[in-house]
Colleague: 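Structure incoming, see below.
Both counts, for ligands and for their atoms, begin at 1 and track the order of listing. Note that the coordinates shown come from a computational prediction; the quantities given were computed from them, not determined experimentally.
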Amino acid sequence: MMWLSACVLALAAWPAAAGTYTQTKYPIVLVHGIFGFDNIGPVEYFYGIPSALRADGAKVYLVQVSAANSHEVRGEQLLTQVKQILAATGAAKVNLMGHSQGSPTSRYVASVRPDLIASVTSVDGVNKGSAVADVALHVAPPGTVSNAALVTVANGFSSIVNFLSGGSGLPQNSLAATTSLSTAGTAKFNLAHPEGVPTTACGEGAYTARGVAYYSWGGAKSYTNVLDILDPFMALTSLAFGGAKNDGLVSTCSQRLGKVIRADYAMNHMDVVNQTVGLVNLFETNPVTVFRAQANRLKNAGL
Ligand code: CA
């Protein structure tokens with residue numbers, strides 16, 4: 001009889017236990033990078049990720065900010081949408097997960113309104129600039145990239161942007177975006193918004209700053225799947241880094257923020273958001289799994 005009761009209890013507990021792995025205390029807000037949405041749509045940007053997080057209990061929100069603009073302009077747009085999400089849900093805070101420029105965009109909001117943010121997770125975030133932006137602005141340090149590489153990097157970059165971007169009705173400013181994403185532009189931004197940023201060249205940052213928890217993870221391989229149309233372009237833009245480990249668009253050292261979960265997944269800049277449409281490295285952990293694990297980490301941290 002006791003055995004039977006235990007069995008019934010176990011069965012009764014199973015569905016609840018299976019459905020709470022990603023059940024964070026605060027809603028999760030996914031913040032996109034520099035690309036627009038006309039071709040891929042705001043939901044599909046994080047391909048299959050919102051549904052995978054929601055399946056085990058997370059409340060997940062997508063936002064849309066300018067595809068191309070400065071960290072500050074995008075950050076103000078995000079702040080407005082965070083306030084709307086808080087009003088709609090009654091939650092006291094949100095967890096931000098930002099891809100690419102979505103990381104400094106999220107960091108801006110956490111810096112100016114830390115009371116509204118539980119955590120920031122940088123996913124292949126441009127936290128110390130991108131050599132690709134430096135090349136696009138013609139400010140790459142002399143000798144770091146050959147002239148031939150400069151041309152291929154520029155062509156690769158414009159091809160990726162053209163493939164993924166489109167007008168969204170929001171103000172777009174490509175020069176402001178590129179300047180913000182350059183090494184010098186991001187260094188200037190970091191002076192005003194230093195929370196979580198490593199003070200060493202390639203270390204970890206503060207795990208918590210002004211009550212906000214900071215995390216990061218990212219990839220270190222530009223070419224990962226022969227079927228993905230973006231991979232050849234990632235291989236071209238990766239030439240901007242002169243041999244430093246990168247994901248095709250951001251160096252692994254620039255990706256680091258707060259507690260570094262991993263910065264060496266065999267994934268490129270778009271693999272980490274499960275693009276293009278799920279074409280990722282078959283020999284690496286699936287990025288959706290990494291998002292779920294991070295939600296579980298936030299849950300276990302009481303966030
Ligand atoms: Ca891919």
Colleague: Provide the tally of protein N/O/S atoms nearer than 3.0 Å to the Ca ion (ligand 1).
Modeller: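 With waters ignored, the protein N/O/S count below 3.0 Å is 4.
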Colleague: If you take all heavy atoms of H193 and R107, which pair is closest and at what distance?
Modeller: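 Closest heavy-atom pair between H193 and R107: O-NH2, 3.0 Å.
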Colleague: Sequence neighbours left out, what pairs pass salt bridge (Lys or Arg N to Asp or Glu O under 4.0 Å) with at least one residue falling in residues 286-301?
Modeller: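 Those involving residues 286-301 are D56-R292.
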Colleague: Indicate yes or no: at least one non-hydrogen side-chain atom of V29 is less than 4.5 angstrom from one of V63.
Modeller: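 Result yes, sub-4.5 Å side-chain heavy-atom pair found.
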Colleague: Hydrophobic clusters join Ile, Leu, Val, Met, Phe, Trp and Tyr when side-chain heavy atoms are under 4.5 Å apart, directly or via other members; which others share one with Y223?
Modeller: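 Grouped by the 4.5 Å side-chain rule, V226, L227, L279 form the rest of the cluster around Y223.
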Colleague: Around K93, counting heavy atoms of other residues, nucleotides and ligands shown, do more than 12 lie under 6.0 Å from its NZ?
Modeller: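 Atom NZ in K93 is packed in, count exceeds 12.
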Colleague: List for me each residue that meets side-chain contact (heavy atoms from CB on, under 4.5 Å) alongside T80, sequence neighbours excluded, and say none if there are none.
Modeller: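 Counting only residues at least two positions away or on another chain, T80 forms a side-chain contact (heavy atoms from CB on, under 4.5 Å) with Q84.
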